[in-house]
Amino acid sequence: MKKIKTPIAKKDIFNLRVGDEVLLSGTIYTARDQVHKKLVEAIKKGKKVPLAIKDQIIYYCGPSATPKGKVIGSCGPTTSSRMDELTEPLLKKGLLAMIGKGRRSKKVKNLIKKYKAIYFLAPSGCGALLAEKVMFKKLVGFKELGSEAIYRLEVKDFPLIVGIDSKGRSIY
Amino acid sequence: MTNLRLKKEMEELVAKASFCLRADLYLLLKKALAKETKPNARKALRCILENARIANKENLAICQDTGLPVLFIEAGKDVKLSSQFIKILQEGVMSGYKKHSLRASMVDPILRKAPSYKGVISHVEFLEQAKGIKITLFPKGFGSENKSQLKMFNPTASVEEIEGFIVESVKNAGPEGCPPFVVGVGIGGTADKALLLAKKSLIDRVDKSNPDRNLKKLEQSLFKKINNLRIGPMGFGGKTTVLAVKVKTAPTHIAGLPVGVNISCHALRSAAITFK
């Protein structure tokens with residue numbers, strides 16, 4: 001089990017191998033389907049986006065509403081492959097890591113290798129367990145999308161497995 | 001029962017389905033853990049069970065995808081149903097989602113804006129042999145719903161061909177459908193009926209085998225073949241790709257053979273209430 005903290009240096013990414021178990025602490029941003037569509041459209045048009053993508057970690061997640069007295073509701077990963085066709089523009093902008101569940105396309109595997117990024121898996125269908133690892137949640141952009149908006153999450157010992165490493169090797 | 005009381009009952013049904021792992025499913029997950037030897041598969045199953053414990057204790061949703069709420073309303077011959085009654089059930093579900101901080105996941109399919117709680121689906125069925133009314137709430141998560149399949153076979157298709165299609169459907173679902181799965185199968189009827197039967201089979205107890213001898217045999221055969229795919233818990237390999245296979249049938253047309261497959265992730269959630 002490796003403990004890593006954000007910001008993550010590129011060299012730390014190179015040291016992670018497919019299948020490695022990681023406890024991540026620090027800042028991650030939620031972004032899923034509609035946010036990806038909007039980000040990619042904005043990047044194409046050269047418009048400003050509400051998220052500094054370079055060296056950041058995106059978590060494919062749309063959390064449940066926050067119950068009273070809690071930091072966040074249930075917050076497990078959603079299916080990553082739906083973002084496959086919308087991933088390259090973000091990697092081009094320097095996106096460091098993605099967190100989700102399930103397989104990625106061959107194209108994304110190659111892109112991860114090309115841009116020396118990394119893809120983590122979070123335990124799927126375990127949103128209650130993961131909610132306990134989130135210390136702070138703040139809305140960052142696209143409020144109108146509700147749970148699909150961008151949220152900044154501060155996580156502590158968020159349990160992950162390397163799904164695709166920076167050399168493009170996949171766990172599946 | 002007053003309308004207010006009925007609405008409250010529905011709100012509690014929402015909490016029960018979303019926070020408490022079904023006892024029959026818990027049993028199968030425990031059984032799977034006892035059988036698994038692969039470390040990653042064991043770890044995944046332990047994580048699923050630990051998640052269920054936390055969800056129950058903390059009143060947190062088992063999964064953040066609190067699903068599209070589907071209601072199955074089964075009315076006996078002594079029951080008169082009104083549209084007002086169905087409306088109150090649906091309102092109770094919506095206010096239950098809000099009250100218990102569950103995710104608003106429903107959007108207009110074209111506009112895809114401002115997710116809300118609107119869009120509860122209700123299936124009403126009148127049962128000649130039953131009395132009273134049974135209401136089952138089945139919040140269906142879409143990670144697995146997206147893996148649904150329908151195939152219109154020729155009426156001359158063999159059982160092997162049908163099994164092959166079902167196994168292939170589960171193979172396509174893969175790690176992102178959140179295995180270990182419960183697989184619902186509907187055979188017969190029309191295209192829509194086959195898929196509805198497949199979905200409805202998932203609300204039955206999953207730890208009990210089918211009372212129909214032929215269907216039991218089919219379920220057992222599919223169980224074996226699907227587990228031989230070795231997708232495993234969370235897709236990390238292992239013996240448990242499917243926890244149970246449930247098959248329902250209906251009479252169909254001489255020209256056709258619809259087969260519907262509706263897959264549930266390991267977070268199969270449903271809760272029922274019966275009124276006499």
Side-chain angles (χ1 to χ4, degrees), chain A residues 1 19 21 30 32-35 37-38 59-84 100-105 121-134 142-149 159 161 163 170-172, chain B residues 18-19 21 40 43-44 46-66 97-107 112-117 141-144 146-147 173-180 231-237 264-268:
Chain A
M1 192 80 75
E21 290 178 41
T30 68
R32 49 176 290 165
D33 307 71
Q34 300 303 327
V35 163
K37 197 176 167 188
K38 283 177 188 282
Y59 181 26
Y60 303 139
C61 171
S64 274
T66 307
K68 246 186 208 148
K70 300 249 182 244
V71 173
I72 195 168
S74 191
C75 58
T78 195
T79 303
S80 308
S81 58
R82 293 198 311 270
M83 270 53 81
D84 280 353
K101 68 162 163 149
R103 297 165 290 191
R104 305 302 303 258
S105 64
L121 301 168
S124 54
C126 295
L129 185 144
L130 290 169
E132 302 224 310
K133 312 289 180 192
V134 179
F142 302 119
K143 189 183 174 200
E144 70 280 8
L145 293 175
S147 66
E148 276 203 276
I161 294 181
S170 169
I171 198 166
Y172 300 120
Chain B
S18 308
F19 301 154
L21 190 73
N40 269 352
K43 218 171 177 177
R46 272 206 217 97
C47 193
I48 291 166
L49 290 165
E50 172 67 2
N51 181 68
R53 192 189 64 79
I54 294 171
N56 197 359
K57 187 173 144 238
E58 300 288 330
N59 281 347
L60 278 168
I62 293 170
C63 177
Q64 75 288 340
D65 180 359
T66 49
Y97 265 66
K98 194 163 183 225
K99 183 179 167 189
H100 297 294
S101 303
L102 302 182
R103 197 173 78 182
S105 308
M106 260 82 80
V107 287
R112 307 211 73 94
K113 267 183 189 166
S116 78
Y117 297 114
F142 255 58
S144 55
N146 279 337
K147 307 297 184 183
E176 55 273 18
C178 290
I231 296 170
M234 293 188 194
F236 298 141
S264 173
C265 56
H266 59 75
L268 168 60

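Since the structure is predicted, the reported quantities are computational estimates derived from the model, not experimental observations. First the proteins, then the strands, lettered A, B, ... as listed; each starts at 1.
Lys68(A) places none of its side-chain heavy atoms less than 4.5 Å from the side chain of Asn59(B). The closest side-chain heavy-atom distance from Met234(B) to Cys126(A) is below 4.5 Å. The side-chain heavy atoms of Pro67(A) and Leu60(B), taken from C-beta on, include a pair separated by under 4.5 Å.
For chain B, the option among Arg103(A), Arg82(A), Glu148(A) with the highest count of heavy-atom pairs below 4.5 Å is Arg103(A). When each of Lys98(B), His100(B), Arg103(B) is scored by its heavy-atom pairs under 4.5 Å with chain A, the top score falls to Arg103(B). The residue among Ala65(A), Gly19(A), Ser74(A), Ala149(A) with the most heavy atom pairs within less than 4.5 Å of chain B is Ser74(A). Among the candidates Ile62(B), Thr66(B), Asp65(B), the residue making the largest number of heavy-atom pairs closer than 4.5 Å to chain A is Ile62(B). Counting heavy-atom pairs under 4.5 Å between each of Gly237(B), Ala55(B), Cys178(B) and chain A puts Cys178(B) at the top. Counting heavy-atom pairs closer than 4.5 Å to chain A, the top-ranked of the candidates Lys113(B), Glu176(B), His266(B) is Glu176(B). Heavy-atom pairs under 4.5 Å with chain B were tallied for Gly76(A), Ala131(A), Ser81(A); the largest tally goes to Gly76(A).
Between the side chain of Asn51(B) and the main chain of Gly125(A), a donor-acceptor pair closer than 3.5 Å is present. At distances below 3.5 Å, not a single donor-acceptor pair connects side-chain atoms of Gln64(B) with backbone N or O atoms of Gly62(A). Of the possible donor and acceptor atoms, none in the side chain of Arg112(B) sits under 3.5 Å from a partner among the backbone N and O of Gln34(A).
Lys70(A) NZ: more than 12 foreign heavy atoms inside a 6.0 Å radius.
Between Ser64(A) and Cys63(B), the closest heavy-atom pair is OG-O, 4.4 Å. The minimum heavy-atom distance between Ala104(B) and Ser147(A), with the atom names listed, is O-OG, 4.1 Å. Closest approach of Leu129(A) to Ile54(B), counting heavy atoms only: CA-CD1, 3.8 Å.
Within the 4.5 angstrom heavy-atom criterion, only backbone atoms of Pro77(A) (N, CA, C, O) approach chain B. There is no contact between Cys265(B) and chain A, counting heavy-atom distances below 4.5 Å. For chain A, the nearby parts of Ile48(B) are the backbone and the side chain; heavy atoms of each come within less than 4.5 Å. Of the atoms belonging to Lys143(A), not a single heavy atom falls under 4.5 Å from chain B. Proximity to chain B (any heavy atom under 4.5 Å) is restricted, for Pro63(A), to the backbone atoms N, CA, C and O.
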